[in-house]
Amino acid sequence: SIIQADLLSPGAADTLIAHVSKVWQRLDVLVNNASTFYPTRIGTITEAQWVDLFGTNVKAPLFLAQAAAPLLRHHGGSIVNITDIHAERSLKYHSVYCMAKAALIHLTKSLAKELGPEIRVNAVSPGAILWSENATEEAKATVIKRTVLKRQGTPEDIAAAVKFFACEAPFVTGQILAVDGGRTLFG
């Protein structure tokens, strides 16, 4: 069964989680993976862009976590947020996106404190996994060159990290795991 919702609509998180509860009567893991990503150059940023980027990257995870907490608490579940290495290392022309992902990191830590000990909350912070549509081969090569592992990551790398937090780390909460091939080591 597939359940979908426009996470920017008021009340969507509550409706979505209520449907999950009705269909499966439980929830073990909430992975907040929905995201919006695009450049916002200073001098051209609109309020609509702010609302959109903060809505998908911060508001939706917050309200989904809030709505899911009772179900997760009942079964000792966990929340895994998907952030970005650019939450801590700003990306040129993406200030609003980077701020939103930084807020998601803070939300992860806040939720870990507030929802523990019943619910663990962690985040996976991807590096070069998927390229933007505008990425040139030269730009891709430059990024790869700045990773210790000298390769692009895969969605399976992210899935393995999410699985680790969800299933294999019962004494871990409030942590952010960079899955970036060592990219953040280069500053």
Side-chain angles (χ1 to χ4, degrees), residues 7-8 29-46 48-62 64-65 78-112 120-187:
L7 299 176
L8 297 181
V29 181
L30 169 63
V31 179
N32 284 309
N33 188 44
S35 180
T36 305
F37 171 83
Y38 51 84
T40 51
R41 291 178 180 245
I42 298 298
T44 66
I45 299 168
T46 66
Q49 291 170 325
W50 174 275
V51 169
D52 181 42
L53 287 164
F54 269 80
T56 57
N57 292 299
V58 186
K59 177 187 173 192
L62 168 64
L64 280 167
S78 70
I79 298 171
V80 181
N81 294 321
I82 306 299
T83 63
D84 190 308
I85 62 169
H86 294 295
E88 299 182 72
R89 304 182 67 236
S90 62
L91 180 62
K92 189 175 183 178
Y93 306 130
H94 290 77
S95 58
V96 179
Y97 171 81
C98 293
M99 287 186 294
K101 288 300 189 177
L104 184 56
I105 286 176
H106 189 79
L107 176 62
T108 299
K109 294 175 181 182
S110 296
L111 288 172
R120 295 176 301 105
V121 185
N122 294 287
V124 174
S125 183
I129 305 297
L130 301 174
W131 302 107
S132 75
E133 296 170 2
N134 302 328
T136 64
E137 291 305 314
E138 182 181 349
K140 292 175 188 180
T142 299
V143 170
I144 298 300
K145 184 178 178 183
R146 292 182 183 157
T147 67
V148 174
L149 299 181
K150 304 298 183 214
R151 68 175 178 84
Q152 176 181 350
T154 66
E156 291 79 14
D157 293 323
I158 301 306
V162 169
K163 181 182 176 194
F164 167 74
F165 280 137
C167 305
E168 301 163 11
F171 196 59
V172 178
T173 194
Q175 299 303 304
I176 314 303
L177 177 60
V179 180
D180 67 351
R183 172 77 172 91
T184 50
L185 295 174
F186 285 96

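- Side-chain N or O atoms of Lys145 include none that pairs as donor or acceptor with a backbone N or O of Lys150 at under 3.5 Å.
- Residues Val179 and Phe164 have side chains not in contact (no heavy-atom distance under 4.5 Å, counting atoms from C-beta outward).
- In this structure the side chain of Glu88 reaches within 4.5 angstrom of the side chain of Ile105, judged on heavy atoms.
- Listed by chain and number, the residues in a side chain to side chain contact (heavy atoms under 4.5 Å, CB included) with Ala100 are Phe54, Asn57, Val58 (sequence neighbours excluded).
- For the atom pair Tyr93 OH and Cys98 SG, the distance stands at 13.5 Å (nearest 0.5 Å).
- At least one donor-acceptor pair closer than 3.5 Å links the side chain of Ser125 to the backbone N or O of Ile85.
- With hydrogens and angles ignored, the 3.5 Å screen pairs a side-chain donor or acceptor of Arg120 with a backbone N or O of Ala166.
- Using a 4.5 Å cut-off on side-chain heavy atoms (C-beta onward), Asn81 and Ile176 make no contact.
- With His106 contributing its side chain and Leu104 its backbone, the two residues share no donor-acceptor pair below 3.5 Å.
- In this structure, CG in Leu62 is found 6.5 Å from CG in Leu111, a value given to the nearest 0.5 Å.
- By the salt bridge (Lys or Arg N to Asp or Glu O under 4.0 Å) test, Arg151 is found to be paired with Asp157, residues two or more places apart in sequence or in another chain being considered.
- Atoms CD1 and CG, on Ile158 and Asn33 in that order, are 9.0 Å from each other to the nearest 0.5 Å.
- With Ile79 as reference, Leu30 is the one residue of Thr108, Leu30, Thr173, Asn122 to meet the side chain to side chain contact (heavy atoms under 4.5 Å, CB included) rule.
- Residues satisfying the side-chain hydrogen bond (donor to acceptor under 3.5 Å, both in side chains) test with Glu137, not counting sequence neighbours, are Lys140.
- Between the NZ atom of Lys92 and the NE2 atom of His86 there is a distance of 13.5 Å, given to the nearest 0.5 Å.
- Heavy atoms of other residues, nucleotides or ligands lying less than 6.0 angstrom from NZ of Lys59 number more than 12.
- Using cut-offs of 30° and 60° for the angle between ring planes, the His94 and Phe37 rings count as parallel.
- A distance-only check finds a donor-acceptor pair linking the side chain of Lys101 to the backbone of Ile82 [under 3.5 Å].
- With contacts defined as side-chain heavy-atom distances shorter than 4.5 Å, the pair Val172/Phe165 qualifies.
- Atom-to-atom distance recorded for Ser35:OG and Leu7:CG is 11.5 Å, nearest 0.5 angstrom.
- Thr56 places a side-chain N or O within donor-acceptor distance of the main-chain N or O of Thr36, the cut-off being under 3.5 Å.
- Counting non-hydrogen atoms of neighbouring residues, nucleotides and ligands closer than 6.0 angstrom, the CD atom of Glu138 reaches no more than 12 such neighbours.
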